[in-house]
Structure formats: structure tokens, C-alpha cells
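The structure appears below as C-alpha cells.
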Amino acid sequence: MNWLQILLLLVAAYLLIAYYIRERGLFKDHVMFFGPILAIKTERVGFFDWFRKFRRPLRAYATLGVLLVVVVSAFMTLALLVAVPQYLVHTPEPTGIYDPRNLLAIPGVNQAIPITAAVVLGLLLTIVIHEFGHAILARVEDMRVKSMGLLIAVVPIGAFVEPEEEDVEAAKGMPKIRMFGAGITNNIVFGLACFAAMFLLVGMATPLAVPLVQGVYQDYPAADAGLPGYSVITSINGVPVAGQEEVAAIMDGTRPGETVTLTAAKDGVESTYTLTLDEWPEALDGDRDSGFMGVYYYNAPAVKEHIGNIADLGLLAPLYLTIAPIDAFIQSNSQQLAILLTDTPEQIAWEEPFPLFWGTVHLLFWTGWFNLLVGMFNAIPIVPLDGGYMMKEGVERFFERRGWSQYAQRVIASISGFVTVMLILLITMPMIVAALRFVMTMG
């Protein structure tokens, strides 16, 4: 079943359920429809008042958050300004991360986002953290909250808090800016914390020298014998082996042309393979005179060192993690960091410090990833994004104090419109160029 079929099945199932709820009039007080979007809401939001007891520290936190959002907003705008001209000159093909389906944050449809419990829970936590930030600061700034809830059929799920519009309109300056920025601040702070915790956990895992065959070289003995990747070598010529060094010790005593019997386990099933050894290729180690099987191993110590090097980047590490692992996951050209994203065969080459260890790592990765991406995207100065509303409020107050209020809306519309065009070009340029090439080819 391909990604389009999965998407169509999900849409069909949702439409059937939504039609049944609407026709039967179920849950009238808690269910609303806005076109195809289903909103599940509650007006029991009094618990947000509890946070008013911590007004001073929360205001200080939100004020620092505003500064953080301004920096992130400037960074995202600058990134668009740099990226779009480069795209116009060197437009990538609409494949891999530029494939149209990968523009949708739908697990199982987007190639970078698998359907796992860690992904779904991470996405849900991101939404809740964002919306609770708005609700808490709304109450801290004396804006009432009417309701909160979930949105179904927003790709793939959404959430909302509904403040009193009159209170929001009446608020001016920093109280309003802090309220709009609180969701972004929560996402970025929580995302950084998740990645920091993930690095600490991975540092607790012990890499093992398990003879895990990560892959085989084509046209060499192991490939010719049918040895599959991600097999664990358990014995050679009947001699049990438990580590890569033991395999190397046995193989050092062999010569090209010799036949060896290799036993390997994959998915818990052992199989035996007969290999006629070859000479070592010049590109690998042409000076060795031992026999060559044609395999390469998963190197868990090297992977841990690589992850440690990323952690050493400091504040740049989370930014790296939002791009590099996902690109590697889609392109399949590097699987070193795939172990952080989802269950992989490489996990058997690690000693876990506690049960459900890798599940916890995956949850921290995806929660951190979603939070940072949602936070950075919402910081873009485009109305109706939070960053756009913050920019709007800031520009209005700046121009008002100088008696230039008549120019404020023009400036706001110009900034928001310009950045919107940049974002649309960045997203659609690969598809536009591919379509033009197709038309020219047909012509």
C-alpha cells in the first residue's frame, strides 16, 4: 500500500465518522464542525487561573521568550532571503525531501515521519505545549480563556485555546506580545530540553562489538552467497564468535580461494552460507593477504562518537538534528543517526541501561524535533502565524508612539506579504520547475 492509498483510506474513514457524528447529533456541547474540520472542545478551563499565582516569574519568562522569538524570527527571515535566490539558480528536483508528499507532516505519508507511538505522542505533546503557553499567559495578563480543544483533519491534528476576543483586543503592547509569543517560547525551550535529555540518555548506552553485518559488497563472496544485511555472524567453520575481533582473528588465518562456512542470524533465524573467499580490493586494504568475505560491520562505537560530536556543537546541535537525520532518513545515504528516530536492527549492538530505553530516546527525539520545527515556523513574521501577530502588535505600538499610525498597516502588510511570497517560492519552486521542464519536453 503506497502513501496515496494510506492517505485516501484515512480521509475516507474520517469522513464516515464525521458524517455519523453530525447526522446523529452526538456530543453537541463538545463537538463542532468547521467545514471538514472537527473540533472537540471543553469550557472547563478554570485550572488556568492557578498559574496567576506565579505572575511575576511567568511574565519574566515570557519577556525573555519575546527576545528569543525576535531572534528566531530574524533568523528564519534571513534564511528565506538566502535560500530563495539559491533555489532560483539551482532548483532541486521534487524528490527526497523536496517530494510534495514530504511537505505534509502526516506520519506514514511523509517519508521522514514513520507511524510510531513516539511520533504520535511527540506531535500531541508539541501541540499541547504550544497552546497551553498561550492560555497560561492569557490568564497571567488578565485575558479570559473561553475554551480549549482538539482539531481533527488539520494535518494531521491540531489544538486550540479560545481566549475572549474582547480581552485580546483590549490588551496592548507587551502583555499581548507576551501572550502571542508564549507558545513559540514553550516549543523552543521544551524542544531544546528534549534534545539535551536525549544526548544524556544516549551517553548512558554502551556500544557493543557485535559482528552485525550492516551490508555486503556487491559481486563479492557474501553477496554471491546471499548473506542479507543486518545479519549477526554467530560462527565461522563451526567456531562460535561473539565479536568483530573474534571474526577478524579467524579470517586472518584464511587465504583467497578458500571456502568457509558462515552461520548468521537474522530476525532470530540462523542460516548457513558457503563462501569462496576473494582477495581484498585495493580500495579497502589491498596489502592484506587474508581472505575477503565482502562484508562491512555496523560500528556502534563510531556512531556513539558521532552523536557525541554533534552534542559538542552546543546550541547548534538541535539545529543540526532538525535537518541532518531527516535528510539521511529520506535519502538513505547515511543511517548513522537513524537509531535515534525509530526501531532499527542496530539496537542489538547496544547495551541498554534500562527497559524501553530506545523508545524513550525516540520519544525525546520526535518531541524535540516537532517542538523546534513548530516553534521556528510559527516565529516567521507572517499573519496569521504567532510571529506575524507579534510583529503586527510591535509595529502598531512603534508607529503609534510616533504619531505615524496611518502607515502601520501598510508596513505590516508589506512585511507579511513579502515573507509569504518567499515561503511559497521556497516550497513550490521544485514543483514549478519540474512542471515547466515536463511541458517543454512534451512540446
Side-chain angles (χ1 to χ4, degrees), residues 201-310 328 332-359 361:
L201 280 188
V202 174
M204 296 168 59
T206 303
L208 306 173
V210 174
L212 174 62
V213 176
Q214 189 172 28
V216 297
Y217 295 103
Q218 292 301 312
D219 301 322
Y220 280 96
D224 294 341
L227 179 69
Y230 295 106
S231 298
V232 178
I233 298 175
T234 57
S235 69
I236 299 176
N237 291 334
V239 179
V241 292
Q244 295 177 21
E245 291 184 359
E246 296 178 21
V247 175
I250 294 175
M251 293 304 299
D252 284 342
T254 63
R255 294 294 178 267
E258 287 187 25
T259 298
V260 299
T261 301
L262 183 74
T263 302
K266 183 177 175 64
D267 299 327
V269 178
E270 280 195 338
S271 301
T272 300
Y273 306 89
T274 301
L275 285 66
T276 301
L277 303 179
D278 207 336
E279 295 181 354
W280 278 80
E282 291 291 336
L284 295 178
D285 195 346
D287 295 333
R288 298 182 64 171
D289 57 4
S290 59
F292 180 62
M293 288 192 292
V295 304
Y296 55 93
Y297 301 104
Y298 174 70
N299 191 338
V303 171
K304 184 170 184 177
E305 181 180 359
H306 180 55
I307 295 173
N309 290 337
I310 295 174
S332 297
N333 56 9
S334 172
Q335 294 295 320
Q336 277 194 307
L337 299 179
I339 197 168
L340 302 179
L341 280 64
T342 188
D343 288 333
T344 67
E346 290 98 333
Q347 289 172 202
I348 65 173
W350 295 78
E351 183 179 342
E352 303 175 12
F354 56 83
L356 300 178
F357 171 79
W358 288 111
V361 169

Evaluate the side-chain contact (heavy atoms from CB on, under 4.5 Å) criterion for residues T344 and Y230: first the C-alpha distance (whole Å), next the side-chain angles of each, then the deciding distance (0.1 Å), finally the verdict.
CA-CA 10 Å; T344 67; Y230 295 106; over 6 Å; no

Testing the basics here: between [X] and [Y], what is the closest heavy-atom pair and its distance to 0.1 Å?
X: L227; Y: V216; value: O-CG1, 3.6 Å
X: T342; Y: Q347; value: O-OE1, 3.8 Å
X: P211; Y: A242; value: CD-O, 3.4 Å
X: G226; Y: Y273; value: O-CE2, 3.7 Å
X: L262; Y: M293; value: CD1-SD, 4.1 Å
X: K304; Y: P207; value: CD-CD, 3.8 Å

Residues passing the ring pair (Phe, Tyr, Trp, His ring centres under 6.0 Å) test with Y220, sequence neighbours excluded, are F292

[atom1] of [X] to [atom2] of [Y]: how many Å apart, nearest 0.5 Å?
X: N299; Y: Q244; atom1: CG; atom2: CD; result: 6.5 Å
X: I307; Y: L340; atom1: CD1; atom2: CG; result: 4.5 Å
X: R255; Y: D252; atom1: CZ; atom2: CG; result: 8.5 Å
X: E270; Y: S231; atom1: CD; atom2: OG; result: 10.5 Å
X: T274; Y: D224; atom1: OG1; atom2: CG; result: 12.5 Å
X: R288; Y: W280; atom1: CZ; atom2: CH2; result: 4.0 Å

Do [X] and [Y] have side-chain heavy atoms sitting under 4.5 Å apart?
X: I310; Y: L337; value: yes
X: E258; Y: T276; value: no
X: I348; Y: Y298; value: no

What orientation do W350 and W358 show, parallel under 30°, tilted 30 to 60°, or perpendicular over 60°?
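W350 vs W358 ring planes: perpendicular.
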
Could you walk me through whether Y297 and I233 pass side-chain contact (heavy atoms from CB on, under 4.5 Å), step by step?
CA-CA 10 Å; Y297 301 104; I233 298 175; 3.9 Å; yes

Exam field: side chain K266 to backbone S271, donor-acceptor pair closer than 3.5 Å
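Absent.
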
Could you tell me whether the side chain of T254 and the main chain of G291 form a donor-acceptor pair under 3.5 Å?
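Indeed, once roles are kept as given, a pair shorter than 3.5 Å links the two residues.
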
